[in-house]
Protein chains: 2
Amino acid sequence: MSRVRIADVAKAARVSNATVSFAFNKPQEISEATVKRVMAVAHRLGYTPHPTARSLSTKRSGSIGFLIPQSVEVVFANPFVSDLIRGVGEICEQHDLTMLLVPPLNGSLESAIGRAAVDGFISLGLNTGDRSLDTLRRLGLPCILVDADPQPGIATINIDDFGGAAAAAAHLLELGHRRIAVVGLGEPRDRGESGIGARRLAGYRQTIRAAGGAPPRVVPAGVTFASGQAAFRQLWRAKHHPTAVLAMSDMAAIGLMATAREHGVLLPEELSVVGYDDIPMASWVTPTLTTVRQPIAEKGRQAARLLVAQLGGKHVRSPQPLATELVIRESTARHR
Amino acid sequence: MSRVRIADVAKAARVSNATVSFAFNKPQEISEATVKRVMAVAHRLGYTPHPTARSLSTKRSGSIGFLIPQSVEVVFANPFVSDLIRGVGEICEQHDLTMLLVPPLNGSLESAIGRAAVDGFISLGLNTGDRSLDTLRRLGLPCILVDADPQPGIATINIDDFGGAAAAAAHLLELGHRRIAVVGLGEPRDRGESGIGARRLAGYRQTIRAAGGAPPRVVPAGVTFASGQAAFRQLWRAKHHPTAVLAMSDMAAIGLMATAREHGVLLPEELSVVGYDDIPMASWVTPTLTTVRQPIAEKGRQAARLLVAQLGGKHVRSPQPLATELVIRESTARHR
DNA sequence: TTGTATGCGTTATCAA
DNA sequence: TTGATAACGCATACAA
């Protein structure tokens with residue numbers, strides 16, 4: 001019981017393969033009666049064009065790849081990614097594109113890229129110097145970067161990481177905090193070099209320095225609840241506890257707050273916490289989280305729109321970084 | 001600057017196409033020296049096998065479709081889906097499979113199914129009688145259903161929806177609650193018919209009836225924060241307010257709780273709330289949410305494992321429904 | 001308006 | 001061990 005092919009339809013409808021193909025793809029090119037007849041036969045036989053064969057011929061797969069730097073398991077633990085996907089998905093659906101999730105294959109994004117049958121990629125947080133970028137270029141696949149360092153010839157969607165971080169730091173300084181800790185993003189070796197972590201850290205540091213504050217202690221963390229828990233424990237292990245924390249993700253901030261409360265730390269009286277992202281959850285936790293809002297879904301939409309444009313042959317350029325906004329809620333208070 | 005093809009490599013390495021193909025796919029079939037030489041040339045030229053051409057030939061795409069009943073925009077608003085995806089992704093990565101997100105195309109899942117170049121599907125919540133099931137059968141594509149009614153010949157992953165709901169209801173009854181409301185799942189027209197909503201509702205109803213309680217009022221909702229907010233407003237519009245609520249999703253429960261607090265309702269003193277799912281967030285909100293835990297990621301893993309087995313030609317059967325467990329936290333209290 | 005013939009880039013069969 | 005060559009299933013330029 002093999003699949004119904006175009007030839008089967010053609011034979012049953014007493015026309016050629018080409019006519020069947022036209023009936024599906026360019027109905028206006030042939031007579032209406034023929035289209036009707038062919039389609040009726042096709043439907044009766046249960047024919048559906050083979051997507052792979054069609055792709056090989058048209059050189060279009062009708063799907064785009066969503067490149068993630070780690071496993072699905074890890075990346076989707078952060079609600080940020082869901083929101084980003086939602087934005088991308090919105091535009092994809094407008095253009096009948098499906099989305100392929102492409103994590104590294106055996107640790108290598110390069111090989112995963114080569115195996116993905118897609119028309120282009122949206123990539124989340126690709127570090128400068130990553131060889132995947134060369135692979136992308138070599139294959140000539142359109143690609144839009146999100147939350148990455150600008151690359152020559154590749155459009156990148158970014159937010160004003162520095163400005164958001166600066167606003168967050170300024171808020172804490174204004175509240176009288178002087179012993180401020182930073183919960184970083186990713187491994188220490190990455191932080192100083194590049195990426196959003198570095199930009200945010202610069203925003204924190206410069207603002208604090210400009211106010212005459214001491215350089216903040218920085219503890220590494222990821223974008224998960226658990227990493228926020230770990231960050232708290234690390235901070236509280238030291239003799240002098242900070243009176244305020246600047247986190248680079250809401251998830252880490254929320255994990256940190258939960259653990260702080262478990263340790264009997266009063267929030268925000270004894271510890272002010274500022275997050276980053278403003279994921280929906282930030283306004284549902286207790287205390288509600290003061291955070292730097294970034295338009296997550298909009299980033300996804302922009303990236304997808306740009307990719308669609310590029311698929312259409314247009315030359316696209318990186319837009320201006322999107323604005324961030326400090327959202328003051330209950331997790332920050334005046335230093336006592 | 002067209003893409004490097006297998007013939008280019010063959011010519012440059014002075015071998016035939018077949019030899020190049022062997023070097024990539026069955027290195028043990030040809031001499032080691034040849035493999036080495038061919039691979040060196042391939043690498044120098046930047047050759048990567050064309051995934052679509054390869055698929056057409058092997059009849060394998062190396063990716064599976066994740067069928068969702070609504071747009072990505074809507075479906076990914078529920079953290080439940082992220083967790084499910086994480087489970088599926090975990091197994092996929094073990095088998096070098098990528099995941100294609102397949103939402104309805106112009107409202108029709110059927111056409112979306114036909115266009116997806118995948119080896120099989122995992123489908124979330126496909127209702128009985130959905131014609132997509134016929135399409136799947138016709139195309140002969142392996143498919144595993146999650147949270148759906150059992151279909152003849154199609155393996156389905158389910159949890160003990162009834163038992164979980166019954167435990168939740170029993171818990172509230174035990175706490176002395178008699179005026180209990182249910183926050184449903186989906187449209188009223190679907191609820192009575194089939195699906196997890198119906199099974200959970202039956203669990204609530206039968207348990208309450210067995211205890212001699214009055215039939216619960218049921219208000220419809222979805223699986224989003226906003227639908228929980230709406231459900232609260234609808235409940236509070238009536239004269240007699242319930243003293244406890246059974247929600248069919250944590251997200252709805254969390255939305256309901258947030259709105260209740262805004263209306264000055266004390267939680268859990270004046271209103272007990274039970275959720276369903278036990279998404280991570282359930283233990284981060286205030287009060288922490290009493291809920292029915294289901295192994296979300298495990299469902300994803302099971303579905304993926306079954307699909308992989310089916311792709312391997314094995315005949316698979318629906319496993320036993322996975323156990324649920326009532327997790328008692330702070331959102332439920334004795335009726336005053 | 002319809003049919004024929006070729007290309008898409010691999011894999012795999014069968015000879016050599 | 002390697003090399004021609006036929007599928008794979010469809011789209012499309014070109015011919016009729």
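Order of the sequence lines fixes the chain letters, A, B, ..., with proteins taken first and strands second; residue numbering starts at 1 for each chain. Everything numeric here is computed off the predicted structure, so don't read it as measured data.
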| field | Nucleic acid contacts of residues 52-62 of chain B, taken as heavy-atom distances under 4.0 Å to DNA chain D | value | Leu56(B), Ser57(B), Lys59(B)
| task | Could you tell me whether the side chain of Asp147(A) and the main chain of Gly125(A) form a donor-acceptor pair under 3.5 Å? | result | no
Which donor-acceptor pairs under 3.5 Å do side chains of residues 29-40 of chain A form with protein atoms, sequence neighbours excluded?
{"unit_1": "Ser31(A)", "atom_1": "OG", "unit_2": "Thr34(A)", "atom_2": "N", "d": "3.2"}
{"unit_1": "Ser31(A)", "atom_1": "OG", "unit_2": "Thr34(A)", "atom_2": "OG1", "d": "2.5"}
{"unit_1": "Arg37(A)", "atom_1": "NH1", "unit_2": "Ala13(A)", "atom_2": "O", "d": "2.6"}

| request: Please tell me which of Arg14(A) and Pro49(B) maps to the more 5' nucleotide of DNA chain C, matching each residue to the nucleotide holding its nearest heavy atom. | output: Arg14(A)
Sequence neighbours left out, cut at 3.5 Å: what donor-acceptor pairs do the side chains of residues 74-84 of chain A make with other protein atoms?
{"unit_1": "Asn78(A)", "atom_1": "OD1", "unit_2": "Phe80(A)", "atom_2": "N", "d": "3.1"}
{"unit_1": "Ser82(A)", "atom_1": "OG", "unit_2": "Ser82(B)", "atom_2": "OG", "d": "2.8"}

| Would you say the side-chain atoms of Asn158(A) pair up with the backbone N or O of Ala148(A), donor to acceptor, closer than 3.5 Å? | yes
| message | For the residue pair Ser55(B) / Thr52(B), report whether a side-chain donor-acceptor contact shorter than 3.5 Å exists. | response | no
| To the side chain of Arg5(A), which of dG3(C), dT11(C), dC8(D) is closest? | dC8(D)
| note | Atom NZ of Lys11(B) and atom C1' of dG9(C) are separated, to the nearest Å, by 15 Å
| query | Can you list every pair that meets ring-ring contact (aromatic ring centres under 6.0 Å, His included) and has a residue in residues 31-71 of chain B, with sequence neighbours left out? | reply | Phe24(B)-Tyr47(B)
| request: List in numerical order all residues of residues 19-41 of chain B for which some heavy atom is under 4.0 Å away from an atom belonging to DNA chain D. | output: Thr19(B), Ile30(B), Ser31(B), Thr34(B)
| request: Classify the side-chain pair Ser111(A)/Ser108(A) by whether it contains a donor and acceptor separated by less than 3.5 Å. | output: yes
| said: Going by the rule side chain to side chain donor-acceptor pair (under 3.5 Å), which residues pair with Thr48(A) if we only count those two or more places apart in sequence or in a different chain? | reply: Arg138(B)
| request: Tell me which of Ala18(A) and Asn17(B) sits closer to the 5' end of DNA chain D, going by the nucleotide each one is nearest to. | output: Asn17(B)
| said: Between C1' on dC8(C) and CD1 on Ile6(B), what's the gap in Å once rounded to a whole number? | reply: 14 Å
| Atom CZ of Arg115(A) to atom C1' of dT10(C): distance rounded to whole Å? | 14 Å
